[in-house]
Amino acid sequence: MTKQQIEELRQQYIKNPPDGMSKKDILNMSDDDLLDMDYFLHEDEDDIFDEGGFFFF
């Protein structure tokens, strides 16, 4: 991910911080921490199983 993409992601989270975080928290995060947070917040979106354990296509 480029530096510009990371800053766009940071701005996205500054506008709408995750629960329990403030805009200041996002501003003070390192690029790596920001990317890790984004990964874990969206980790389940790539799951191919629905809630019942069946494939979801």
Side-chain angles (χ1 to χ4, degrees):
M1 197 170 251
T2 67
K3 187 73 171 170
Q4 181 180 354
Q5 290 171 317
I6 293 171
E7 286 309 311
E8 289 171 6
L9 187 63
R10 187 180 309 278
Q11 292 305 314
Q12 174 187 334
Y13 282 116
I14 288 171
K15 291 177 184 175
N16 188 16
D19 290 340
M21 299 193 82
S22 69
K23 293 176 183 182
K24 186 176 179 182
D25 293 331
I26 303 298
L27 281 170
N28 291 324
M29 290 179 91
S30 70
D31 292 350
D32 287 336
D33 288 341
L34 182 72
L35 292 172
D36 287 345
M37 178 188 73
D38 183 62
Y39 173 81
F40 286 110
L41 287 173
H42 296 100
E43 166 177 48
D44 293 335
E45 290 179 5
D46 293 332
D47 196 359
I48 62 170
F49 294 100
D50 69 2
E51 293 179 6
F54 297 99
F55 284 105
F56 183 72
F57 293 100

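Here the structure is a predicted model, which is why all the values come from computation and not from measurement. Heavy atoms only: backbone and side chains are in, while hydrogens, waters and symmetry mates are out.
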Sorted by chain and number, sequence neighbours left out, side-chain contact (heavy atoms from CB on, under 4.5 Å) with Q5 holds for M1, T2

Is it true that the side chains of E8 and Q4 contain a donor and an acceptor less than 3.5 Å apart?
-> yes

Interatomic distance, CG@N16 vs CE@M21, rounded to 0.5 Å, equals 12.5 Å

Correct closest heavy-atom pair for D31 and K3 would be OD2-NZ, 2.6 Å

On a heavy-atom basis, the closest approach of M37 and I26 is CE-CD1, 3.9 Å

For residues 11-26, the salt bridge (Lys or Arg N to Asp or Glu O under 4.0 Å) pairs (sequence neighbours left out) are none

When every non-hydrogen atom of L34 is compared with those of I6, the smallest separation belongs to CD2-O, 3.7 Å

CE of M29 to CG of D38, rounded to nearest 0.5 Å, is 9.5 Å

